[in-house]
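Below is one structure, written out as structure tokens; the observations come after it.
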2 protein chains.
Amino acid sequence: MHGFGSAFLLAQVGAHAAQRFAERIAELDLTPAQVGLLRLVATRPGQSQQAIAAQLGTQPTRLVALVDGLEKRGLIERHRNPGDRRLYALELSEDGRALMSRIALTSMAHERALTAALTEGERATLHALLTKIADEQDLTPGVHPGYTRLKGS
Amino acid sequence: MHGFGSAFLLAQVGAHAAQRFAERIAELDLTPAQVGLLRLVATRPGQSQQAIAAQLGTQPTRLVALVDGLEKRGLIERHRNPGDRRLYALELSEDGRALMSRIALTSMAHERALTAALTEGERATLHALLTKIADEQDLTPGVHPGYTRLKGS
DNA sequence: TATTGTTATACTCTATAACTATA
DNA sequence: TATAGTTATAGAGTATAACAATA
């Protein structure tokens with residue numbers, strides 16, 4: 001006798017997942033926004049800050065402090081684009097690449113813990129159903145819609 | 001070749017669901033926080049503000065402005081508890097009860113739109129899997145974990 | 001003295017618009 | 001003049017602590 005639909009359950013479980021993930025990566029001194037940026041720079045290196053802002057659906061001004069923090073920690077490097085000296089080309093440093101491995105391990109542990117109640121087959125089913133929904137709802141793969149509202153120094 | 005796990009998909013689809021729901025109820029001039037409060041008052045009328053705050057996992061001070069707004073619109077009523085005049089007993093007004101019907105319709109439309117990609121059987125499967133996860137993760141039925149971070153005048 | 005609800009303060013986060021440097 | 005990045009300002013939202021009324 002719960003009476004709550006799948007939409008509410010999705011929002012509830014999804015917020016819980018995001019919260020638990022934030023707690024896990026906090027142990028690496030990272031915020032969700034920082035991880036999102038790191039992932040994007042790792043996947044497509046050399047992009048400008050504005051290009052990245054557009055892909056994340058956030059505003060370019062937000063990236064300044066975000067990149068500043070990761071650059072000071074030696075995780076990201078700002079390379080000037082020789083062709084157009086107005087643009088930066090963002091890339092991961094050696095330490096940044098090493099950190100990505102730790103983030104991957106954290107993500108896998110998070111994944112296992114979150115779906116601990118499911119069997120292997122149920123996990124595959126859930127993944128397939130979520131993918132169907134995400135596809136039909138036109139969600140960009142790898143981009144968290146709530147990115148705008150996630151803090152990150 | 002997406003490579004994103006169910007945990008990320010859950011967070012992504014969940015945030016999308018919450019966002020779309022917020023847009024729908026905005027047409028009723030309501031915020032997610034206000035709907036959460038209305039639902040709780042409708043389910044268990046007569047509770048004090050502190051009791052409600054505890055159930056929502058938020059702080060009592062936040063409820064003041066929240067209740068103020070709904071009271072001024074004639075949706076919620078503050079009744080003084082005769083036994084202990086420090087406490088209020090929050091209840092829905094006639095208009096408040098009517099509004100709950102409209103919220104229910106909005107929620108159902110939201111539910112259908114969000115799961116439009118799924119068959120009837122797939123919807124039942126998704127609901128069962130999400131319930132399993134929510135139960136194992138000790139999530140309180142009907143309480144959105146991200147309630148703390150939802151605005152509401 | 002303890003508790004309910006309220007108010008006040010400071011703090012964080014975001015968004016908008018100006019500014020610089022390059023083109 | 002147009003664009004990338006930066007900075008500055010104001011606004012919204014939250015949390016903490018103090019306050020008044022009642023017990």
Side-chain angles (χ1 to χ4, degrees), chain A residues 15 18-19 22 26 29-37 40-41 44-72 76-91 144-153, chain B residues 15 18-19 22 26 29-37 40-41 46-72 76-91 144-153:
Chain A
Q19 194 171 294
D29 264 310
L30 292 173
T31 64
Q34 288 174 323
V35 173
L37 174 58
L40 206 49
V41 174
R44 306 171 114 196
Q47 292 193 111
S48 71
Q49 294 184 185
Q50 300 237 1
I52 289 176
Q55 289 163 54
L56 290 176
T58 187
Q59 298 185 338
T61 54
R62 282 201 62 204
L63 281 184
V64 179
L66 206 57
V67 174
D68 278 354
L70 296 176
E71 188 185 32
K72 276 175 192 160
I76 272 190
E77 295 170 355
R78 276 181 168 115
H79 295 293
R80 276 290 176 193
N81 185 327
D84 187 338
R85 291 167 47 73
R86 291 174 303 182
L87 287 74
Y88 284 127
L90 297 186
E91 280 165 30
H144 198 292
Y147 192 90
T148 313
R149 291 161 199 163
L150 297 177
K151 64 185 172 184
S153 66
Chain B
Q19 193 172 295
D29 264 309
L30 291 173
T31 64
Q34 289 175 322
V35 173
L37 174 58
L40 206 49
V41 175
Q47 294 193 109
S48 71
Q49 294 184 184
Q50 300 238 1
I52 289 177
Q55 288 164 55
L56 290 176
T58 188
Q59 298 185 338
T61 54
R62 282 200 61 203
L63 281 185
V64 179
L66 207 56
V67 174
D68 278 353
L70 295 176
E71 189 185 32
K72 277 177 192 158
I76 271 189
E77 294 170 356
R78 277 181 168 113
H79 295 291
R80 276 290 177 192
N81 186 329
D84 186 339
R85 291 168 47 73
R86 291 173 303 181
L87 288 73
Y88 282 127
L90 297 186
E91 279 165 30
H144 198 291
Y147 192 89
T148 314
R149 290 162 201 163
L150 296 178
K151 63 182 171 183
S153 67

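Chain identifiers are assigned alphabetically (A, B, ...) following the order of the sequence lines, protein sequences preceding nucleic acid strands; residue numbering begins at 1 within each chain.
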B:Tyr88 side chain near C:dT6 phosphate (N/O to OP1/OP2, under 4.0 Å): yes
pair B:Pro60-B:Gln50: side-chain heavy atoms closer than 4.5 Å: yes
Nearest-angstrom distance from the residue atom CG of A:Leu66 to C1' of D:dA4: 17 Å
Nearest-angstrom distance from the residue atom CD of B:Gln49 to C1' of C:dG5: 6 Å
Short side-chain N/O contact from B:Gln50 to OP1 or OP2 of C:dT4, under 4.0 Å: yes
Polar side-chain atom of B:Arg80 near backbone of B:Arg86 as donor-acceptor pair, under 3.5 Å: yes
Separation of atom CG in A:Asp68 from atom P in D:dA4, rounded to whole Å: 18 Å
A:Arg44, CZ: over 12 other non-hydrogen atoms inside 6.0 angstrom: no
Residue-phosphate contact under 4.0 Å: B:Arg78 side-chain N/O, C:dT6 OP1/OP2: yes
Between P of C:dA15 and CG of A:Leu63, the distance in whole Å: 12 Å
Phosphate-side-chain proximity, B:Arg62 and D:dG13, N/O vs OP1/OP2 below 4.0 Å: no
A:Glu91 vs A:Ile76 side-chain heavy atoms within contact, under 4.5 Å: no
Interatomic distance, A:Leu66 atom CG to A:Gln34 atom CD [nearest 0.5 angstrom]: 6.0 Å
From CZ (B:Arg78) to CG (B:Leu90), nearest 0.5 Å: 7.0 Å
Summary of protein contacts for nucleotides 16-23 of chain C, nucleotide by nucleotide, where a base hit scores B, a sugar-phosphate-only hit scores S (4.0 Å, heavy atoms): BB----BS
